[in-house]
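Read through the structure below, which is laid out as structure tokens, and then see the notes.
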Amino acid sequence: LEDHSVDNRGDVGSWVRKQSLQSLARIFAADSQTFQRLNERDGELAIRLLGQILCSTTEKIDRLRVAAGHMLEILLYEQRVEAADSRLCEGLEQLRRLVPAQPNDSSGDAGVDGCEFSWADPEAAFTRIVQALSVSDEQLRRPLFEGLVSTGSAEPLIRQTAADHLFSALCIHGVVDVGDDGDEIGRLVSETEWAQESAGVKDARAQLTALVRPRLAQDRN
């Protein structure tokens with residue numbers, strides 16, 4: 001899931017990431033107790049896997065974002081994790097509240113604005129997943145934030161969409177407590193021309209990461 005190898009053919013690591021997501025989906029979909037057993041054997045690995053899946057939902061490539069979204073929904077809504085006192089169980093419960101099931105999955109209703117939700121739609125996908133930045137576990141928040149920031153290497157529309165939703169989450173809805181850095185973060189996210197290919201965009205991304213990453217590491221109540 002972390003293979004971002006690039007050569008003259010482009011992002012060849014995307015082939016590995018896609019196959020990994022699809023293979024994981026098949027494994028977990030086949031047995032609703034898989035995540036429970038993984039958590040019992042290695043709770044740290046289970047949390048890291050969930051964090052990496054969250055990160056993958058911010059993929060700049062539509063088909064990978066679709067595969068990651070499908071995998072996330074399997075983990076949230078098809079897996080049974082019964083250790084109520086476990087870190088993983090708490091993280092899953094929070095994410096179910098923050099990233100609710102698609103309305104049309106259970107009721108047949110359409111999604112936002114009467115349209116069926118699709119992870120392939122960057123606007124819909126980022127609107128849905130950015131709320132998960134307020135999950136309490138740093139190992140879930142950090143990969144998601146870094147995924148949103150790294151989407152800055154995507155094509156202009158996706159880059160601008162990710163920036164808009166990150167700005168909304170951090171500076172309007174306050175899903176992460178950015179403290180005294182709020183004004184500077186707001187300036188960086190709102191004033192940077194994210195749709196442009198420039199050194200300024202790279203610099204803004206680096207500054208934003210430096211400002212927010214320490215906040216993600218703080219304990220949340």
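Keep in mind it's a predicted model, so treat the numbers as computed, not measured. One-based numbering along the sequence shown.
- With respect to the salt-bridge test (charged N to carboxylate O, under 4.0 angstrom), the residues E2 and R17 do not qualify.
- Checking side-chain atoms of Q94 against main-chain N and O of S136 turns up a donor-acceptor pair under 3.5 Å.
- No donor-acceptor distance shorter than 3.5 angstrom exists from the side chain of D181 to the backbone of E184, with no hydrogens or angles considered.
- Between the side chain of R96 and the main chain of L76, a donor-acceptor pair closer than 3.5 Å is present.
- Remark: side-chain polar atoms of S23 are not paired, donor with acceptor, to backbone N or O of S20 under 3.5 angstrom.
- Under a 3.5 Å cut-off, the side chain of T34 and the backbone N or O of F28 do not form any donor-acceptor pair.
- Under the 3.5 Å distance criterion, with hydrogens and angles disregarded, no donor-acceptor pair is assigned to the side chains of Q79 and Q33.
- Between the side chain of R80 and the main chain of S32, no donor-acceptor pair closer than 3.5 Å is present.
- The backbone N or O of C55 sits nowhere less than 3.5 Å from a side-chain atom of E146 that would complete a donor-acceptor pair.
- In this structure, D7 CG and R9 CZ are separated by 4.0 Å, a value rounded to the nearest 0.5 Å.
- Between the CG atom of D121 and the CG atom of D62 there is a distance of 8.5 Å, given to the nearest 0.5 Å.
- Going from atom CG of D137 over to atom CZ of R87 covers 4.0 Å, rounded to the nearest 0.5 Å.
- A salt bridge is defined here as a Lys NZ or Arg NE, NH1 or NH2 lying under 4.0 Å from an Asp or Glu carboxylate O, and E73 with R128 meets this definition.
- Here the side chain of R65 pairs a donor or acceptor atom with the backbone of E59 at under 3.5 angstrom.
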